[in-house]
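As the structure is a computational prediction, the values presented were derived from the model and not from experiment. In the text below, chain A, chain B and the rest are named by the order of the sequence lines, each starting its count at 1.
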Amino acid sequence: MEPPDPALLERIATGDQAAMHQLYERYYPRLQRFVWHRLHGDVSLVEDALQEIFLSVWRFAGSFRGQASVATWIFQIAYHQVARSQRRQHGWQLVEHLHADEDRDRDDALTEAAVSLEDAVIDRLMLAQVLRQLSEKHREVLEFVFYYGFAPDEVATILGIPPGTVKSRISYARRALLRLLAEASAQEVQS
Amino acid sequence: MTNPNPSRHVGDELPLYVAGQLAPTERAAIEAHLRECAACRRECAMWQLMPDAFATLNAVPKAQPTSSAAWNTFAARLNDTSPSPNGVHTMSSTIDMPPRAPAPSQTARTIRPNRWPAVAAVVLVIALMGGLLAFFKGHLPPSSVGTHPSTTATNTPTGFNLSGTWLGNGASDLNPNQQDCYRIDLTQAPGANTLTGSFGAFAGTCGTPYLPLHGTLHGSHLQLSSAVPSSAQAALTTGASAMQPTSSCGATTLDLTFHPSTTLSGTITNCSTVAITFTLVIGMAPTPPVSPTAAPSLCPTGYSTSYVTTIPGTNFKATNVYALLSLPPQTRFAESDALGGVRMKLFCSVGMTAAIQAFITSQLTQRGWHLKPSGDQNPPRCVKAANQFSQCWQNGAYALYLYIHTATDWSIVFEDPDYPA
């Protein structure tokens with residue numbers, strides 16, 4: 001039977017490279033997907049970021065206290081590493097972009113009341129397309145919950161924000177998403 | 001059966017319902033509503049598509065390295081880097097992590113203040129780095145020590161006070177059935193380089209620190225001395241084991257480790273970033289302070305390997321206001337200038353975010369800069385609009401945008417005063 005994550009971390013803290021290898025194989029695909037699109041497929045930046053994430057796991061395995069799950073802890077490291085890499089990649093433009101986007105989503109949310117999906121034909125591709133238009137802050141909470149399977153409290157730990165903020169972001173994300181879906185669906189009908 | 005006018009839609013709860021993140025009672029209420037409401041069922045179907053949609057979004061090209069291929073490159077780096085048990089960096093030769101100590105003896109469990117008569121000399125040397133160092137020099141405000149709920153510090157005009165309480169988590173070093181409390185209180189005499197205070201270790205409930213401490217600042221180091229009996233010292237060290245931090249990510253935690261070799265060491269961490277590492281040596285002769293040499297190890301790649309003390313590339317013909325600013329201790333640098341004469345300087349410093357903020361605020365204020373009121377559209381303009389992490393500062397005809405996200409992720413942005421050349 002595969003050893004559970006905490007057991008692997010305990011061994012890693014003692015310098016056990018075989019345990020590190022097991023954890024690496026277990027998390028690499030997930031983290032690669034997590035990092036890849038956030039760094040826009042910049043191959044060398046993605047590689048660097050992944051190495052830094054796993055090096056942090058290697059270095060600080062001994063500081064893991066089990067207050068969160070290992071996955072939460074690792075994604076927390078990954079999230080911070082990606083933020084650093086993004087700032088290396090985009091500098092301050094990114095910061096402005098994120099904030100502008102979030103404001104836009106909030107505006108969308110205000111006018112959501114009348115949106116209905118009654119006539120919408122929604123498939124995976126349309127949803128993916130619409131998710132791209134969502135602000136990063138709103139898309140990422142949905143991603144953590146629906147794709148990586150974290151609970152809202154775990155997402156809060158990863159992002160370093162209060163749990164209530166995660167829930168309000170999900171709420172904003174939902175409203176913005178519904179509005180964008182309704183628009184996308186209407187355009188499809190017209191074309 | 002579908003009710004065309006269900007009383008209340010459950011929209012905001014639907015995402016977490018579909019993700020399986022609601023309590024059974026909440027689920028039952030939503031399921032009852034869904035039986036009646038076609039609109040919510042339709043939305044539900046949309047949320048069920050979410051994992052597949054993200055799988056589409058997050059697809060990685062097949063040409064990218066697999067985990068096995070990437071491991072070979074990564075494994076080579078492991079040999080150059082040792083894990084740090086209990087999160088302690090091996091910055092100091094005095095931190096040589098021993099194997100976990102045996103279970104505490106009965107003697108160790110019964111340390112109490114009245115068992116510490118002043119007999120033998122104990123010297124505690126705290127090798128402090130970066131932000132904490134600056135803190136002890138009295139430069140920084142209380143928040144620089146962190147936000148551990150049970151750690152407080154104040155920086156008053158008459159000196160500073162540090163009061164820290166650290167709880168063991170679960171099995172105690174001193175008593176396996178309860179938590180330990182370790183407490184340090186220190187006060188700096190007004191205008192002096194000396195500190196007085198006390199330290200205490202308690203099995204169970206925290207009490208008043210009882211071991212008198214006397215501290216002297218030696219340049220960048222604080223040396224604490226006190227007197228405890230050798231028996232108490234033996235008891236303390238026999239009960240050695242790792243302590244656990246008591247707060248979660250986002251707060252500052254102090255993590256103490258007691259070693260049989262009579263060394264206490266620890267780190268102050270902020271999330272996964274080790275900000276400050278220190279060592280306390282008990283029962284050893286005082287050693288001359290050594291200048292801190294360790295670097296913040298979690299700077300992203302691309303930052304300078306050496307430290308910078310001022311902002312590189314700021315020797316402008318038009319002004320020296322940018323060149324005059326000092327940077328916090330142990331700051332690394334990366335250039336990220338943009339087109340059109342926008343200069344962006346990225347920094348990664350040791351210490352806590354609040355310490356960086358305090359240091360820079362103090363620098364800017366001393367050099368004649370002032371915070372530009374929000375909404376002030378008069379020149380000079382800040383390159384960026386301020387957000388929750390940033391500020392716009394002005395000095396005469398010049399401005400700068402200061403962005404401090406974390407201690408290891410902060411930047412200064414401004415327009416090149418010589419642009420266009």
key: Rounded distance (nearest 0.5 Å) linking atom OG1 of B:Thr56 with atom CZ of A:Arg132   = 8.5 Å
ring-ring contact (aromatic ring centres under 6.0 Å, His included) partner of A:Phe146, the single match among B:Trp47, B:Phe54, B:Tyr17 = B:Trp47
message = Before we go on, tell me: are the rings of A:Tyr28 and B:Trp71 under 6.0 Å apart, centre to centre?
response = no
ask   = What's the verdict on side chain to side chain contact (heavy atoms under 4.5 Å, CB included) for B:Asn58 and A:Tyr147, showing C-alpha distance, side-chain angles and the deciding distance?
value = CA-CA 9 Å; B:Asn58 292 349; A:Tyr147 189 59; 3.1 Å; yes
inquiry  = Applying side chain to side chain contact (heavy atoms under 4.5 Å, CB included) to B:Leu57 and A:Gln129, what does each step give before you reach the verdict?
reply    = CA-CA 8 Å; B:Leu57 268 186; A:Gln129 189 63 37; over 6 Å; no
request  = Would you mind telling me which of A:Leu142, A:Val43, A:Val46 has the largest number of heavy-atom pairs within less than 4.5 Å of chain B?
outcome  = A:Leu142
request  = Measure distances from A:Phe150 to the heavy atoms of chain B and classify the residue's part below 4.5 Å as side chain, backbone, both or neither.
outcome  = backbone
message = Please classify the contact of B:Ala45 with chain A as side chain, backbone, both or neither, using a heavy-atom distance under 4.5 Å.
response = neither
key: For chain B, the option from A:Glu143, A:Lys167, A:Arg33, A:His37 that forms the most heavy-atom pairs under 4.5 Å   = A:Glu143
Contact origin within B:Ala39 toward chain A - heavy atom pairs under 4.5 Å = neither
key: Steps toward side chain to side chain contact (heavy atoms under 4.5 Å, CB included) verdict (A:Leu177, B:Met46)   = CA-CA 10 Å; A:Leu177 196 64; B:Met46 183 273 284; 4.1 Å; yes
query = If you tally heavy-atom pairs under 4.5 Å against chain A, which of B:Val18, B:Thr73, B:Asp52, B:Leu14 wins?
reply = B:Asp52
inquiry  = For A:Gln17, I'd like to know if atom CD has over 12 heavy atoms of other residues, nucleotides or ligands within 6.0 Å.
reply    = yes
key: Spacing of A:Asp153 atom CG and B:Gln21 atom CD [to the nearest 0.5 Å]   = 9.0 Å
Portion of A:Phe34 that has a non-hydrogen atom of chain B nearer than 4.5 angstrom = neither
query = Parallel, tilted or perpendicular: which describes the rings of B:Phe74 and A:Tyr24, with under 30° parallel and over 60° perpendicular?
reply = parallel
request  = Might you point out which heavy atoms bring B:Ala53 and A:Ala128 nearest each other, and give the distance in Å?
outcome  = O-CB, 3.7 Å
inquiry  = Any heavy-atom pair between the side chains of A:Val145 and B:Pro15 that's under 4.5 Å?
reply    = no
